[in-house]
Every structure is written in C-alpha cells, then in structure tokens.
Visitor: 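One structure is given below, represented as structure tokens, and several questions about it will come after.
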Amino acid sequence: MLPSSSDPSLLNRELSLLKFNERVLAMAENRSTPLLERLRYLCIVSSNLDEFFEIRISSLKEQLRQTPGLVGVDGYSPGEAFERVQRAAHELVDKQNSLLTNQVLPKLKAEGIALLEPSCWSEELHAWAHAGFHREVMPMLTPIGLDPAHPFPRVYNKSLNFIVALSGQDAFGRSASIAIVQAPRALPRLIKVPPEISGIPHGYILLTALISAFVGELFPGLDAKGVYQWRVTRNSDLFVDEEEITNLRQALQGELSQRNFGAAVRLEIDQYMPADLEAFLQQEFLLQPQDTYRVSGPVNLSRLMQLCNVVDRPELLFPDHRPKMPSPFDTVSDNPEELFAAIAEKDRLLHHPYQSFQPVLNFLTAAAMDPSVVAIKQTIYRTGEDSELMRLLLAAAKAGKEVTVVVELMARFDEQTNINWAAKLEEVGAHVSYGVVGHKTHAKMALVLRREKGGIRRYGHLGTGNYHPRTARLYTDFGLLTADQKLCEDMDKVFSLLTGLGARRPLKLLLQSPFTLHETMVALIKNEVVHARAGKRARIMAKMNSLLEPIIIDALYKASQAGVKIDLIVRGACALRAGVPGLSENIRVRSVIGRFLEHSRVFYFYNDGAENVYLSSADWMDRNFFRRVEISFPVLDKALKKRVINEAFTYALRDNQLAWRALPNGDYSKIKSRGKAFNLHEYLVQQLGS
C-alpha cells in the first residue's frame with residue numbers, strides 16, 4: 001500500500017536529524033558504555049544541536065518567513081515542520097538534561113569526579129574559590145546595568161552570559177533592576193580544584209558556578225536577588241553573493257566577521273530563571289516561548305567534553321586503540337623509492353581508524369622530500385589548525401616543487417582555518433585555488449607527479465574522508481593509494497577543471513559531481529531493475545551519512561517494487577521510508593552508532609555478478625550531486641573489492657550491538673541481540689587494528 005497524501009513517501013529532514021541525535025543519546029543512556037564516554041556522547045549531542053539550530057532551524061525559519069504556505073516534499077508546510085521539529089527538540093533536550101543530572105553526574109561523583117556546586121562548598125573551598133574569583137575572574141568582567149544610557153549589549157553567538165536581578169539604588173541615585181554580565185572567552189569554563197581542598201581526586205568548579213556565587217560583588221551596595229546563566233544561538237549560515245564577488249577570500253572574511261551576530265534562533269536559560277526575566281530576554285532577541293530551552297546543567301554542555309580528556313581514568317573510557325600500520329607500509333623504509341614502488345605494484349586500500357592514517361602522511365612526506373617528484377596536487381576541505389599534512393605541502397613548495405592546492409574556503413565552521421592555510425601556502429609560492437564559486441570542492445584527492453624512466457608517472461590517493469589526522473582516528477573512512485594510469489589521469493583532469501577554465505573532458509573511471517555521479521547512480525539502480533525483471537539476482541547495498549535526494553529515493557522505491565533486494569546503512573538523516581508494503585518492502589535501512597563515527601560512503605551493485613563497488617566523498621543528497629565537486633571511484637582489484645564488501649556491508653549487517661533498524665514512520669528500533677553478540681567496531685579493531 002502506497003502512502004497517502006497525509007503520509008508522503010519522503011520523511012522530514014530535520015526530524016530525521018533529531019532521530020539521529022536520539023540514537024547518539026542512547027549511547028549515553030547505555031550502562032555498558034564507559035562512564036566518561038557517556039558524558040562525551042551527551043556533549044556530542046549538545047554540539048550537534050548547536051549546529052542544528054545554527055543551520056537547519058535558521059533555514060526553516062527563513063522558509064517560514066518567505067514561503068509560509070509552501071508544502072514540502074515531506075508533506076509539511078514550514079509552519080507545521082517548525083512546530084513538529086521544536087516539539088521533538090524540546091523532548092530531546094529534556095531527556096538529555098535528565099540523563100546528565102540524574103545519572104551521569106551522580107555516577108561520576110561516586111567515582112571521585114565532581115562538579116562542585118556552591119551549595120556544597122566547605123569553608124576552605126569557599127575561601128579558595130573567592131580568592132580565585134578576585135584574582136582571575138573579577139578583573140575580566142564588565143557588568144552592564146540596563147538603563148537608557150546602557151542599552152542591552154551586543155551578544156556573541158553561543159557566548160556565556162548572566163542576567164542579574166537587582167534592587168536598591170546606586171551611587172548616582174539610580175534604581176537598579178537588571179544587569180547583564182558577559183563571560184569573556186578567555187576565561188576557562190572548567191576550573192580544577194586541588195584535591196587537598198576539594199576532598200576528592202577530581203573536583204571542578206564551572207565558571208558558571210564561580211560567577212554565580214560571587215556576582216553580587218560586582219554591584220556593591222545593591223542586592224543581587226538572583227543570577228541566571230543564559231546563551232543565545234544565532235543563524236550562522238554564511239551568504240556570499242556569487243554573482244557580485246571578485247575575490248572569494250576577501251568576501252568570505254567580511255562575512256565571517258558578522259557570523260557571530262546573525263539573527264537569534266534559540267535561547268537557552270537556567271532552569272530556575274523567573275518568567276519575567278525569560279520574557280525580557282525573549283523580547284530582546286525577538287524569540288518566542290517555543291524557541292526557549294531551560295537547562296539543568298551548563299547552558300553549553302559541550303564544554304564538559306574537557307573532562308573526558310583531562311581526567312586520568314582510562315578504565316572509564318573506551319580501551320585505547322592504536323591503529324595498525326598495514327602491510328606493506330609496516331616494512332617500507334623511509335626511502336621514497338620503496339614507498340612509490342609498493343604503490344606501483346598494486347592498489348593499496350586503507351580503512352581508518354582501524355588502520356593507521358600514517359601511510360597517507362608517509363605518501364605526502366615522500367612526495368615532499370623525493371627529488372624525483374616534480375608536482376603535488378591536493379584538495380583540502382577540513383584539515384585542522386595544527387596540520388602535519390599542511391606543513392608537508394608548505395615544505396614541498398619551499399623545496400621548489402610545483403604545489404597546487406584547491407582549498408575549499410566555504411567548509412562550514414572551518415572557513416577561517418582554511419583562509420589562514422591558504423595565505424600561508426601562497427606565501428611560499430604554492431598555487432592556491434578556491435575551486436568553483438557556487439560548488440564546494442568536497443572531493444578528497446592527492447596527486448603526485450614523479451619523474452621516472454620513460455617519463456612522468458602519476459600516483460594518487462583517493463578517499464571518503466578529510467585529510468585530517470585527528471578525525472582519522474575517530475571517523476570510519478576508506479582510502480586508496482594507487483598508481484592506476486586511468487584513475488590518476490582522471491584525477492589530473494578534475495584538478496585542471498578546478499584550477500583552470502575549459503569544457504568538461506570525459507573521465508574513464510571517476511564519477512564526478514555535478515556532472516556524472518547522479519546520473520550514473522540512477523543508471524546503476526535501474527540496471528538492477530532490468531536484472532530483477534529478467535529473473536536474475538539483483539542486489540544493491542549503499543553506505544552513507546545522509547540519504548535525502550528525491551530522484552535517487554524514487555529510483556530505489558521502483559527497484560524495490562521490481563524485486564531488487566536493497567540494504568542501506570545510513571548513519572544520519574534518511575528521507576526514505578523503509579519497509580512500506582507496495583513501496584519499499586524490499587528495502588532495509590540501518591544506522592550504526594558506536595565508538596567510531598561512521599563516515600565512509602560506499603555503493604555496491606551486483607550487476608549480474610560483476611559486482612560494481614564505488615567509494616565516494618559524496619552522500620546521496622541534492623547538494624552533493626548538484627552543488628558540490630565530488631568524486632566516486634571504483635575499486636578494481638578483486639581482493640580489495642572483497643575487503644570493501646565485507647568491511648562496509650557484511651559485518652555491518654551482522655551487527656547486533658550498535659545497529660538500529662529504520663521503521664516506516666521514520667522511528668528507529670534498536671536491533672536486538674539474537675545469538676552471539678557481534679559488535680562491528682570491536683570486530684574490525686581486532687581484525688585490522690590489532
């Protein structure tokens with residue numbers, strides 16, 4: 001039976017994202033998750049929600065303003081979607097607050113790790129905190145009493161603030177009512193208390209608690225009747241007029257300076273804040289009651305992530321995992337000749353974080369140091385502020401090699417970092433390009449040109465994840481080191497298109513957005529339909545972060561109706577309804593949430609036994625297909641293809657510890673363990689990383 005008009009075939013994106021965060025929160029609920037890791041998952045949800053409000057809720061509010069009557073593909077008008085999303089977000093935050101205050105913090109306290117509230121301070125601790133407040137904090141604070149001469153201050157996005165209810169008259173005879181205190185960013189949010197003073201091994205005071213305890217001293221002679229923490233979240237999406245700009249970097253730098261002062265979209269307040277102060281802040285930021293979230297812990301819960309890193313209690317964390325250096329790189333010397341020879345021998349597959357990211361760094365180190373290497377070409381989307389990879393590119397350029405780097409300046413929330421790296425690269429003579437305006441360069445490629453006997457030979461690295469060594473220890477991604485002539489020539493053509501001008505040249509093996517990736521994926525899905533209708537075995541498996549693009553989803557529905565068996569492993573947002581009779585009864589959707597962040601994109605088509613396997617930088621989303629430069633590359637070596645099928649699909653479909661099953665209505669059900677427990681992440685750590 002097909003969904004009715006009131007039950008459309010596509011699910012709401014924002015609601016699906018909140019469902020994903022519910023699954024992350026379930027890791028914090030799970031008593032078998034190590035205690036500090038439970039806190040980490042709470043912090044991850046908080047960080048995810050920050051971006052959700054900054055980007056998705058901001059977009060939804062803009063739709064509500066511009067097209068209030070337009071019904072989306074999910075069957076909701078912007079108003080209906082906004083109401084449902086806000087309701088779901090409030091339920092999620094309430095659950096998060098309860099979990100923090102009723103379970104995680106009490107259990108941490110029992111382990112000697114505590115956030116020390118002023119109500120339980122001893123006299124000695126009170127004196128220590130008071131001295132620290134006067135020495136380190138009070139000189140940094142600028143209280144602002146609100147009156148006609150002191151308007152409401154300009155408030156940074158997600159900054160920590162306090163509203164203070166006052167009574168009495170000041171030195172000028174002015175009646176005091178309300179004051180605002182802003183916590184400078186330079187102040188630490190978590191303050192370690194010496195064990196001999198706190199009485200426990202790991203005692204901490206939140207900056208929130210310290211300011212709240214002594215805020216009255218900022219207003220001598222007045223009565224501070226109450227002090228309450230709050231913060232406001234703002235629209236953080238950047239707008240750059242692609243038709244008007246002449247220099248993307250300059251335009252983006254101008255826009256970044258205003259990001260922290262966009263329109264307010266969410267207000268978080270202390271759970272005990274009186275209604276009149278809540279209404280005052282709502283009016284100031286033009287927000288409604290449904291935009292306001294009361295919290296029982298710190299308003300910026302993600303700040304507690306620091307505890308997971310500074311408390312030396314390894315038994316309260318996941319067991320330490322040191323990724324293995326895979327063969328043959330574990331025996332290859334520092335001699336670049338040996339490394340390039342190993343890649344020339346045959347393609348080399350890497351699966352992070354189970355296998356080390358070091359071979360990629362060694363590949364680029366060899367390229368930077370080897371006198372036979374004449375050029376390096378690289379795409380950069382996210383790499384971090386302290387990047388060994390970027391230092392290698394700088395060294396290569398200083399050594400006189402032709403270094404070409406396509407830096408994506410519009411990588412959300414990494415814009416300033418990428419601008420800084422672009423400037424450093426230009427200073428040492430590297431060729432820096434910002435790709436194609438209007439199409440983010442999200443492809444993950446590194447190409448090395450080496451002078452060998454017979455001429456120039458190309459070596460390449462293609463990946464599903466960013467060139468970011470830190471996230472390579474946390475995110476699951478595939479990478480391929482190759483000297484395949486056709487693949488490397490295709491990479492060179494893509495680089496030429498990104499840095500220069502000209503007509504699109506046909507590629508032999510690579511699929512590229514916005515040109516061939518979408519049409520090829522649709523064609524491969526339709527090809528399975530042809531096989532199914534001919535009575536042959538037909539099978540599709542795909543793994544990605546998000547599945548939202550309507551044409552792809554429609555093709556999958558039609559494939560299901562033709563009898564194609566489809567397994568989708570979608571970590572986050574999924575607009576496809578799985579298991580609906582007559583629509584998608586042959587489609588199963590899973591989401592795997594565990595120790596590592598599932599990040600790789602892998603596409604499998606049985607193709608009458610040929611078994612086409614592609615790795616990609618692209619999710620199945622509108623933006624990835626039509627508004628980004630993405631690549632998808634085939635796995636050609638039979639042994640490596642088998643590895644990808646097993647490591648991306650076979651084992652994930654066996655998992656009964658981390659996996660969730662999508663229901664037709666968009667909810668998810670935890671897959672129950674039947675028989676022997678199988679944990680995907682633990683299994684691959686043992687198989688590949690030990």
Side-chain angles (χ1 to χ4, degrees), residues 325-350 355-380 383-384 386-407 420-433 443-463 466-469 472 479-500 510 633:
M325 182 72 95
S327 175
F329 302 105
D330 55 341
T331 58
V332 170
S333 72
D334 293 337
N335 182 354
E337 197 76 37
E338 288 190 29
L339 186 140
F340 288 117
I343 298 171
E345 180 185 6
K346 62 179 181 179
D347 288 354
R348 306 293 180 176
L349 182 74
L350 303 171
Q355 294 177 313
S356 175
F357 189 71
Q358 193 61 43
V360 180
L361 296 176
N362 289 353
F363 171 63
L364 290 166
T365 300
M369 302 302 148
D370 184 4
S372 297
V373 168
V374 295
I376 303 171
K377 303 180 183 183
Q378 175 97 38
T379 60
I380 293 296
T383 189
D386 182 23
S387 172
E388 182 180 349
L389 179 142
M390 297 303 284
R391 287 193 288 270
L392 289 171
L393 292 175
L394 291 169
K398 289 177 182 177
K401 301 183 188 300
E402 289 294 308
V403 176
T404 301
V405 186
V406 181
V407 180
N420 295 342
W421 281 122
K424 291 178 181 178
L425 287 163
E426 287 178 338
E427 287 174 3
V428 296
H431 305 292
V432 178
S433 167
K444 324 297 183 183
M445 304 185 297
L447 185 66
V448 172
L449 280 67
R450 189 169 188 263
R451 194 182 305 280
E452 298 180 0
K453 291 179 181 179
I456 299 295
R457 182 161 189 178
R458 299 178 178 91
Y459 295 82
H461 174 266
L462 297 153
N466 298 306
Y467 289 103
H468 197 311
L480 186 73
L481 287 163
T482 182
D484 182 277
Q485 182 177 344
K486 292 179 180 178
L487 275 176
C488 291
E489 285 181 358
D490 280 357
M491 292 171 67
D492 224 346
K493 290 177 183 178
V494 175
F495 274 112
S496 295
L497 201 61
L498 289 172
T499 60
L510 288 185
F633 52 98

Visitor: Given the rule in the side-chain contact (heavy atoms from CB on, under 4.5 Å) test, do Arg391 and Asp386 qualify, once you have shown the distances and angles that lead to the verdict?
Guide: CA-CA 9 Å; Arg391 287 193 288 270; Asp386 182 23; 2.6 Å; yes
Visitor: Is any side-chain heavy atom of Leu389 closer than 4.5 Å to a side-chain heavy atom of Leu361?
Guide: yes
Visitor: Considering only heavy atoms from C-beta outward, does the side chain of Asn362 approach that of Met325 to under 4.5 Å?
Guide: yes
Visitor: Just checking Gln485: does its CD atom have more than 12 heavy atoms from other residues, nucleotides or ligands closer to it than 6.0 angstrom?
Guide: no
Visitor: Quick check: do Arg457 and Cys488 have side-chain heavy atoms less than 4.5 Å from each other?
Guide: no
Visitor: Is Leu339 close to Thr365 at the side-chain level, that is, under 4.5 Å between some pair of heavy atoms?
Guide: no
Visitor: Which heavy-atom pair separates Leu449 from Asp492 by the least distance, and what is that distance?
Guide: CD2-OD2, 4.4 Å
Visitor: Roughly how far, to the nearest 0.5 Å, is the CG atom of Asp490 from the CZ atom of Arg458?
Guide: 10.0 Å
Visitor: Enter the distance from Phe363:CZ to Ile343:CD1 here, rounded to the nearest 0.5 Å.
Guide: 5.0 Å
Visitor: Ignoring hydrogens, what is the shortest heavy-atom contact between Pro326 and Leu350? Give both atom names and the distance.
Guide: CG-CD2, 3.6 Å
Visitor: Under the 3.5 angstrom rule, does the side chain of Thr404 hit a backbone N or O of Lys377 as a donor-acceptor pair?
Guide: no
Visitor: Can you tell me how far apart CD1 (Ile380) and CH2 (Trp421) are? Round to the nearest 0.5 Å.
Guide: 9.5 Å
Visitor: Of all heavy-atom pairs between Ile376 and Ala367, which one has the smallest distance, and what is that distance?
Guide: CD1-CB, 3.7 Å
Visitor: For Arg451, look at atom CZ and say whether over 12 heavy atoms of other residues, nucleotides or ligands are found less than 6.0 Å away.
Guide: no
Visitor: Look up atom CG in Leu349 and atom CD in Gln355, then write down how far apart they are to the nearest 0.5 Å.
Guide: 7.0 Å
Visitor: Work out which heavy atom in Met445 is nearest to a heavy atom in Tyr467; give both atom names and the distance.
Guide: C-OH, 3.2 Å
Visitor: Nearest 0.5 Å please: distance from the NZ atom of Lys346 over to the OG1 atom of Thr482.
Guide: 12.5 Å
Visitor: Run Lys493 and Met491 through side-chain contact (heavy atoms from CB on, under 4.5 Å) and show every step you take.
Guide: CA-CA 5 Å; Lys493 290 177 183 178; Met491 292 171 67; over 6 Å; no
Visitor: Which heavy atom of Ala366 sits nearest to which heavy atom of Pro336, and what is that distance?
Guide: CB-CB, 3.8 Å
Visitor: For Ala443 and Thr379, work out which heavy atoms get closest and say how close.
Guide: O-OG1, 2.7 Å
Visitor: Kindly compute the distance separating NE2 (His468) from CD (Glu388), expressed to the nearest 0.5 Å.
Guide: 13.0 Å
Visitor: Okay, side chain of Lys401, backbone of Asp370: is any donor-acceptor separation there less than 3.5 Å?
Guide: yes
Visitor: Spell out, as yes or no, whether a donor-acceptor pair under 3.5 Å connects the side chain of Glu338 to the backbone of Ser333.
Guide: yes
Visitor: Determine the interplanar angle of the Tyr459 and Phe340 rings, folded into 0 to 90°, and report it as parallel if under 30°, tilted if 30 to 60°, perpendicular if over 60°.
Guide: tilted
Visitor: Within a strict 4.5 Å, meaning less than it, do heavy atoms of the Leu425 and Met390 side chains meet?
Guide: yes
